[in-house]
Amino acid sequence: MPLNPSYVGRSFPPSQPYLVGREKIREFARAIGATDPAYLDTEAAKALGHPDLVAPPTFPVIVAMAATRALIDDPDLGLDYSRVVHGDERFGYVRPVRAGDELTCVVTVEEITSRAGNDFITTRTEVGTVDGEPVVTVWSKLVVRGSAGGAGGAGDEKAE
Amino acid sequence: MQVGTEMPARTFTVTRADLVRYAGASGDFNPIHWSDRVATGVGLPGVIAHGMYTMALVGRAVTEWAGSADGVLDYSVRFTRPVVVPDTETGTDLTVTAVVRELTGDGHAVLDLTAVCAGEKVLSRARATVRAPVGLGNS
């Protein structure tokens with residue numbers, strides 16, 4: 001079933017605030033094997049000029065994915081999550097996420113396309129503090145693999 | 001650091017246990033990352049790593065090399081092939097390389113990134129812009 005193209009251009013109200021905790025940053029850093037003191041030691045983060053622990057670069061996906069969940073699960077969009085693989089991901093940072101940040105997201109559907117039996121949906125998530133400070137923009141392209149699809153990913157789109 | 005400078009290759013071992021830990025830490029519990037039954041049921045060769053886990057490991061290699069834990073300004077990848085992770089003690093290996101593509105006037109380095117698993121590139125259009133460490137911008 002193709003994705004509902006009427007979602008293109010649609011934005012959703014700001015997501016419920018996500019409070020970034022120190023232990024969540026440490027847990028995420030450990031899960032990716034990152035040992036930089038800026039992720040683990042508040043004094044090291046402060047020495048770099050931050051008020052608290054710094055999160056690794058891909059940490060914002062936690063917040064963005066949670067904010068996108070309502071869209072993904074919306075039956076009117078017609079997305080079968082079991083057939084989803086990740087196509088593209090991009091982070092454009094204003095500054096790193098830090099412990100103590102209370103973040104909210106505005107999700108916009110940028111594009112829905114279909115090619116070779118697969119559907120593609122690109123979302124842009126503006127992540128900022130509840131006080132209105134922009135922090136990071138996250139773009140995600142998901143691939144919904146058709147039943148005749150190949151091994152997954154955007155594999156038929158070659159590198160430049 | 002100058003245009004063409006290459007990061008020494010880094011190899012990460014990826015096992016099922018790593019995927020379970022990443023699922024918990026990230027909140028991405030898609031069963032294609034832990035269930036062979038579900039993964040093969042949707043036509044995948046087997047359990048595959050979260051694309052975001054691969055992206056995190058590549059990011060880790062880059063930030064550790066550039067000394068920029070808090071200095072990544074832009075980071076983007078395209079996932080072109082799945083990283084298939086067998087249910088063995090040793091899992092699979094992911095090898096990451098990077099090369100400086102550009103040094104900008106404001107002291108940033110643009111890096112082209114490569115990640116290889118089982119002899120195949122698993123990313124394309126992978127690029128990071130980092131704040132180059134002081135003293136490395138104009139060598």
Side-chain angles (χ1 to χ4, degrees), chain A residues 24 26-39 44-45 48-50 54-59 61-62 65-66 69 80-96 98 137 139-141 143 145-160, chain B residues 12-13 18-28 30-32 38-39 41-45 48 50-64 67-84 112 114 120-130:
Chain A
K24 191 66 190 177
R26 289 181 175 131
E27 178 191 8
F28 187 83
R30 271 187 222 109
I32 66 170
T35 56
D36 193 293
Y39 307 142
L48 292 171
H50 299 287
V54 174
T58 60
F59 182 93
V61 74
I62 295 175
M65 184 188 283
R69 195 76 228 179
D80 176 358
Y81 195 63
S82 74
R83 306 203 72 86
V84 164
V85 293
H86 210 145
D88 296 6
E89 186 79 7
R90 179 183 172 202
F91 300 89
Y93 308 90
V94 178
R95 66 161 172 83
R98 302 182 295 224
T137 304
W139 289 266
S140 295
K141 182 188 256 187
V143 183
R145 300 164 59 251
S147 49
D156 49 348
E157 293 191 19
K158 295 299 182 197
E160 303 167 5
Chain B
F12 299 99
T13 297
D18 295 320
L19 302 188
V20 170
R21 189 177 298 112
Y22 184 79
S26 70
D28 183 347
N30 189 330
I32 63 173
V38 174
V42 295
L44 293 165
I48 65 170
H50 305 74
M52 290 309 301
Y53 182 62
T54 300
M55 191 176 185
L57 292 179
V58 174
R60 195 185 127 197
V62 166
T63 52
E64 288 176 5
S68 57
D70 67 340
V72 181
L73 306 170
D74 199 283
Y75 181 22
S76 58
V77 305
R78 165 162 293 172
F79 303 100
T80 50
R81 286 180 186 276
V83 172
V84 180
D112 281 332
T114 306
E120 305 257 28
K121 289 184 181 180
V122 297
L123 303 178
S124 72
R125 301 185 191 187
R127 193 164 290 172
T129 304
V130 301

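Proteins get letters first, then strands, A, B, ... in listed order; numbering begins at 1 in each. A quick note: this is a predicted structure, and the numbers were derived from the prediction, not measured. The figures here come from the full heavy-atom set of this structure, side chains too, leaving out hydrogens, waters and symmetry mates.
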Is it the side chain or the backbone of A/Ala38 that comes within 4.5 Å of chain B heavy atoms, both, or neither? side chain
In terms of heavy-atom contacts, A/Ile62 and B/Ala25 come closest through CD1-O, 3.5 Å
Is it the side chain or the backbone of B/Thr129 that comes within 4.5 Å of chain A heavy atoms, both, or neither? neither
Cation-pi geometry met for A/Arg69 and A/Tyr81 (6.0 Å, 45°): yes
When you check the gap from the basic side-chain N to the acidic O, do A/Glu27 and A/Lys24 get nearer than 4.0 Å? yes
Heavy-atom pairs under 4.5 Å with chain A are the metric here; pick the option from B/Val20, B/Val84, B/Asp28, B/Val62 that has the most. B/Asp28
Ignoring hydrogens, what is the shortest heavy-atom contact between B/Lys121 and B/Arg81? Give both atom names and the distance. O-CD, 3.4 Å
When the 4.5 angstrom heavy-atom criterion is applied to A/Phe59 and chain B, the contacting part is neither
Would you mind checking which part of B/Leu73 comes under 4.5 Å of any heavy atom in chain A, side chain (CB onward), backbone (N, CA, C, O), both or neither? backbone
A/Pro56, part contacting chain B, at a heavy-atom distance under 4.5 Å: neither
Would A/Asp36 and B/Glu64 count as a side chain to side chain contact (heavy atoms under 4.5 Å, CB included) if you check the C-alpha gap in whole Å, the side-chain angles of each, and the deciding distance to 0.1 Å? CA-CA 8 Å; A/Asp36 193 293; B/Glu64 288 176 5; 5.9 Å; no
Can you tell which part of B/Val38 gets under 4.5 Å to a heavy atom of chain A, answering side chain, backbone, both or neither? neither
Residue from B/Asn30, B/Ile32, B/Val83, B/Thr54 passing side chain to side chain contact (heavy atoms under 4.5 Å, CB included) with B/Ile48: B/Ile32
What part of B/Tyr75 gets closer than 4.5 Å to chain A, counting heavy atoms only: side chain, backbone, both or neither? both
